Enquirer: 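This is the structure, below, for whatever I ask next.
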Amino acid sequence: METWRCVRRGYGRCVAGRGRYSMFPYPLKSLGQDWTTPLEDLQRYCWNRHISSCLRWPGHYSRAPYPYLSSRHFSLNCRPPLLFESGTQFQYYNWRPDHLSNTSLMHLSSYIMNSDKDEPSSKRRKRHGTIKRNWEYLCSHNKEKTKELEDKNVESTCEDSEEKFDFSVMSYNILSQDLLEDNSHLYRHCRRPVLHWSFRFPNILKEIKHFDADVLCLQEVQEDHYGTEIRPSLESLGYHCEYKMKTGRKPDGCAICFKHSKFSLLSVNPVEFCRRDIPLLDRDNIGLVLLLQPRTPHAASPSICVANTHLLYNPRRGDIKLTQLAMLLAEISSVAHRKDGSFCPIVMCGDFNSVPGSPLYSFIKEGKLNYEGLAIGKVSGQEQSSRGQRILSIPIWPPNLGISQNCVYEAQQVPRVEKTDSDSHLTEAQLEKTEVLMSAENVSSHLQHHFSLSSVYSHYLPDTGLPEVTTCHSQSAITVDYIFYSAEKEGASRGPGAEVALVGGLKLLARLSLLTEQDLWTVNGLPNEHNSSDHLPLLAKFRLQL
């Protein structure tokens, strides 16, 4: 591991493990200017310097007797000439010697899978290109529900209203560069240049500009990139940005950005899920809740509550995920609560690391969950087997969290145990333990929340019933990203692929269609040359009646 860190920083490590020396000679350091380096120089510096037996490609199992070249050594913006042997433009990763003659030139090639164990044939790069995503218009009387992405500026033919406020929301996990590099095994199917931040960020920004959403909810926003590139770029597009970094030493966080021309900011409410006084909550995930005021001619227009989060990934820790969700819902309840007891419209976005139909997903949509006897790994639906898993405790979180089973903040009200003469020997710690146990006895296994939330997406294609996916990499392709919003729902349940009927609350006007796993692998999965995250952006258009 230490050797790998040294290699990424352009240093070698001596055999004894003490000291570092530069492993890149001047001709190799200036590779951006000298594109044909004699192989004998490379052999002298790579084979004879104690590094040939310990280097590996990131995310690749085969050993490589030559150094890993990163963007620190030269820029992607360079436009090198064609090489003599390949006839293709230079790709700065994965170079190899064609043969071992002293007169050979170094051949810089694109990524090639050399091992049959790398990826199944269905996941190997098949072709370059883009897959079009259609706008699906959901007004009941509009029979033509889909339009090409190029027609995105064409308004839907939904019935118009004199007192309305239309706005669009995008939710997008943009894939933190540090997390990408730390989990490079998930991206073995990708050509190396498309994984570099200097290639990825312009693509991501291009997507954001193209869709031009009024509200952006971004996850996995790396702090250093946010400060130097993301925030300045978005502010130049007319967005106001709010950011909350994860606690601990995590390098990323969540951001909510909104157009100045559409909203004014009423309040910013970050939520830290980590609680050092509660052993269950030892993870650094966070949430962010904003209260926005639409800019309309109406003085008393209702505000809108926008929440963004990225819940814990670990599929086997459903107890933590449910508790994090309860904390987010409690904050939303506090922010969105009106004086008359109702709630203002809510839009809740994020990467919930749970699949459609899972207990956590059902709890969000149905507003209730009985978790008695539920295996801890079944909460998010990511675990296929519950064998060896413990059952969720009742209650899931301790009373000192200050959140009720209705997912709202409550004053700490723990029944006191009266001291008697016979109890005089009890210590204060024992009394506190007794108080917690007495409180737990009165808690049921039923969770509830007071919101009427629907999902923008139905998660299945209406025509084929195939599942939609929001994320795709070498190990899986599933749905974990969602946009939930306030809406009154029909009582009758619908099957896979059916539309969600919306009455009242926020009205869903349109959504950008999702894709299937098969669709994504026709363009080599995610990320690729045109989509620079391992998640797809979700996009919806809403109408608020004033």
Side-chain angles (χ1 to χ4, degrees), residues 219 246-248 250 254 271-287 307 309-333 348 350-410 412 414 432-433 435-451 453 476 478-482 484:
Q219 304 90 41
K246 289 181 180 177
T247 53
K250 302 299 182 182
C254 293
V271 186
E272 295 184 354
F273 297 145
C274 183
R275 287 281 297 270
R276 302 303 178 190
D277 58 327
I278 300 177
L280 173 69
L281 297 173
D282 60 349
R283 309 305 166 96
D284 295 309
N285 305 83
I286 54 88
T309 192
H310 190 177
L311 299 185
L312 177 70
Y313 165 73
N314 191 338
R316 300 181 66 87
R317 292 308 303 268
D319 52 345
I320 299 178
K321 295 187 185 190
L322 275 176
T323 306
Q324 290 179 347
L325 176 61
M327 296 173 72
L328 180 67
L329 292 173
E331 186 66 26
I332 294 173
S333 178
M348 184 171 69
D351 182 343
F352 291 82
N353 275 313
S354 302
V355 302
S358 65
L360 187 144
Y361 172 88
S362 299
F363 173 52
I364 294 175
K365 287 194 65 177
E366 298 173 7
K368 57 184 179 180
L369 173 67
N370 182 7
Y371 59 88
E372 183 177 6
L374 180 61
I376 191 173
K378 288 291 187 179
V379 169
S380 64
Q382 297 164 293
E383 285 285 311
Q384 299 300 317
S385 173
S386 59
R387 184 176 181 181
Q389 297 178 10
R390 63 182 177 87
I391 303 301
L392 286 170
S393 61
I394 303 175
I396 299 175
W397 57 82
N400 63 327
L401 179 60
I403 295 177
S404 73
Q405 298 291 288
N406 292 329
C407 298
V408 295
Y409 293 123
E410 62 178 9
Q412 189 88 19
V414 181
E432 291 179 358
K433 183 177 180 180
E435 293 166 4
V436 172
L437 290 175
M438 290 181 63
S439 176
E441 290 177 357
N442 299 323
V443 176
S444 70
S445 59
H446 293 267
L447 293 180
Q448 290 182 327
H449 67 75
H450 302 294
F451 313 125
L453 299 175
S476 67
I478 56 175
T479 288
V480 294
D481 307 280
Y482 303 94
F484 296 104

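Reckoned from all heavy atoms, side chains included, excluding hydrogens, waters and symmetry mates. Every value quoted in this text rests on a predicted model; they were computed, and no experiment measured them.
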Enquirer: Between the side chains of Asn353 and Ser380, does any donor sit under 3.5 Å from an acceptor?
Expert: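 Asn353 vs Ser380: no donor-acceptor pair found between side chains.
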Enquirer: Please report the shortest heavy-atom distance between Pro359 and Val379, naming the atom on each side.
Expert: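 Minimum heavy-atom separation between Pro359 and Val379: CD-O, 3.3 Å.
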Enquirer: How long is the gap from CZ on Arg317 to CG on Leu322, to the nearest 0.5 Å?
Expert: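 The CG atom of Leu322 is 11.5 Å from CZ of Arg317, to the nearest 0.5 Å.
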Enquirer: Show the nearest heavy-atom pair for residues Cys407 and Ser333, with the distance to one decimal.
Expert: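 Nearest pair, atom of Cys407 first, then Ser333: O-CB, 4.5 Å.
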Enquirer: Under 4.5 Å between any side-chain heavy atoms of Leu369 and His446, yes or no?
Expert: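 Side chain of Leu369 against side chain of His446, heavy atoms only: no contact under 4.5 Å found.
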Enquirer: Quick one: pull up CD1 in Ile320 and CZ in Arg283 and give me the separation to the nearest 0.5 Å.
Expert: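 Interatomic distance, Ile320 CD1 to Arg283 CZ, rounded to 0.5 Å: 4.0 Å.
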Enquirer: Minimum heavy-atom separation for His449 to Ile364, with atom names?
Expert: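 Shortest heavy-atom separation between His449 and Ile364 comes out as NE2-O, 3.0 Å.
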Enquirer: How far apart are the C-alpha atoms of Asn406 and Glu410, what are their side-chain angles, what is the distance that settles it, and do they pass the side-chain contact (heavy atoms from CB on, under 4.5 Å) test?
Expert: CA-CA 10 Å; Asn406 292 329; Glu410 62 178 9; over 6 Å; no
Enquirer: So, are Arg276 and Asp284 salt-bridged, with charged N and O less than 4.0 Å apart?
Expert: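 Looking at Asp284 together with Arg276, the answer is yes, because their closest N to O distance falls below 4.0 Å.
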Enquirer: What residues, two or more places apart in sequence or in another chain, satisfy side chain to side chain donor-acceptor pair (under 3.5 Å) together with Glu272?
Expert: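 Expected list: Lys244.
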Enquirer: Assess the side chains of Asn285 and His310: does a donor N or O sit below 3.5 Å from an acceptor N or O?
Expert: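 No, His310 and Asn285 have no side-chain donor paired with an acceptor closer than 3.5 Å.
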Enquirer: State, without any angle test, whether Tyr409 and Glu331 hold a side-chain donor-acceptor pair at a distance under 3.5 Å.
Expert: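 Note: Tyr409 and Glu331 side chains meet the donor-acceptor criterion.
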Enquirer: How many angstroms lie between OG1 in Thr323 and CG in Leu281, if you round to the nearest 0.5 Å?
Expert: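 One gets 5.5 Å once the value is rounded to the nearest 0.5 Å.
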Enquirer: What's the separation between atom CZ in Arg316 and atom CD in Glu383, rounded to the nearest 0.5 Å?
Expert: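 The CZ atom of Arg316 sits 5.0 Å away from the CD atom of Glu383.
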Enquirer: Within the distance-only criterion (no hydrogens, no angle test), does the side chain of Ser393 pair as donor or acceptor with the backbone N or O of Pro395 below 3.5 angstrom?
Expert: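 Looks like yes, one N/O pair under 3.5 Å.
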Enquirer: Is it true that a side-chain atom of Ser362 and a backbone atom of Ser358 form a donor plus acceptor pair closer than 3.5 Å?
Expert: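 At least one qualifying donor-acceptor pair exists.
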Enquirer: Looking only at non-hydrogen atoms, find the nearest pair between Leu360 and Leu311 and report the distance.
Expert: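 Leu360 and Leu311 have their closest heavy atoms at CD1-CD1, 4.3 Å.
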Enquirer: Would you indicate whether the side-chain heavy atoms of Thr309 and Phe273 approach each other to under 4.5 Å?
Expert: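 Yes, side chains in contact.
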Enquirer: Main chain of Gly402, side chain of Trp397: is a donor-acceptor contact present, judged purely on distance under 3.5 Å?
Expert: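 Checking the backbone N and O of Gly402 against the side chain of Trp397, no donor-acceptor pair under 3.5 Å is found.
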Enquirer: How about Phe352 and Phe484: are their ring centroids closer than 6.0 Å?
Expert: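 Aromatic pair counts; centres sit under 6.0 Å.
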Enquirer: Shortest non-hydrogen contact from Tyr371 to Leu392?
Expert: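 Scanning both residues completely, I find the closest heavy atoms to be CB-CD1, 3.9 Å.
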Enquirer: Answer yes or no: is there a side-chain heavy-atom contact under 4.5 Å between Tyr313 and Gln382?
Expert: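 A side-chain contact under 4.5 Å exists here.
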Enquirer: Given Asn400 and Ile278, is the side-chain contact (heavy atoms from CB on, under 4.5 Å) satisfied, shown in steps?
Expert: CA-CA 8 Å; Asn400 63 327; Ile278 300 177; 4.0 Å; yes
Enquirer: Does the pair Arg390/Asp319 count as a salt bridge with the N-to-O cut at 4.0 Å?
Expert: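 Judged by the 4.0 Å cut-off on N to carboxylate O distance, Arg390 and Asp319 do form a salt bridge.
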Enquirer: What is the distance from atom CG of Leu401 to atom CD1 of Ile396, rounded to the nearest 0.5 Å?
Expert: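 Leu401 atom CG to Ile396 atom CD1 measures 11.5 Å (nearest 0.5 Å).
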Enquirer: Which atoms form the tightest heavy-atom contact between Ser445 and Asn370, and what is the distance?
Expert: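 So the minimum-distance heavy-atom pair works out to OG-OD1, 2.7 Å.
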Enquirer: Distance from Leu329 atom CG to His450 atom NE2, nearest 0.5 Å?
Expert: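 Result: 10.5 Å between the selected atoms.
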Enquirer: Is the shortest side-chain heavy-atom distance between Leu328 and Met348 below 4.5 Å?
Expert: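 When only atoms from C-beta onward are counted, Met348 and Leu328 do touch, with a gap below 4.5 Å.
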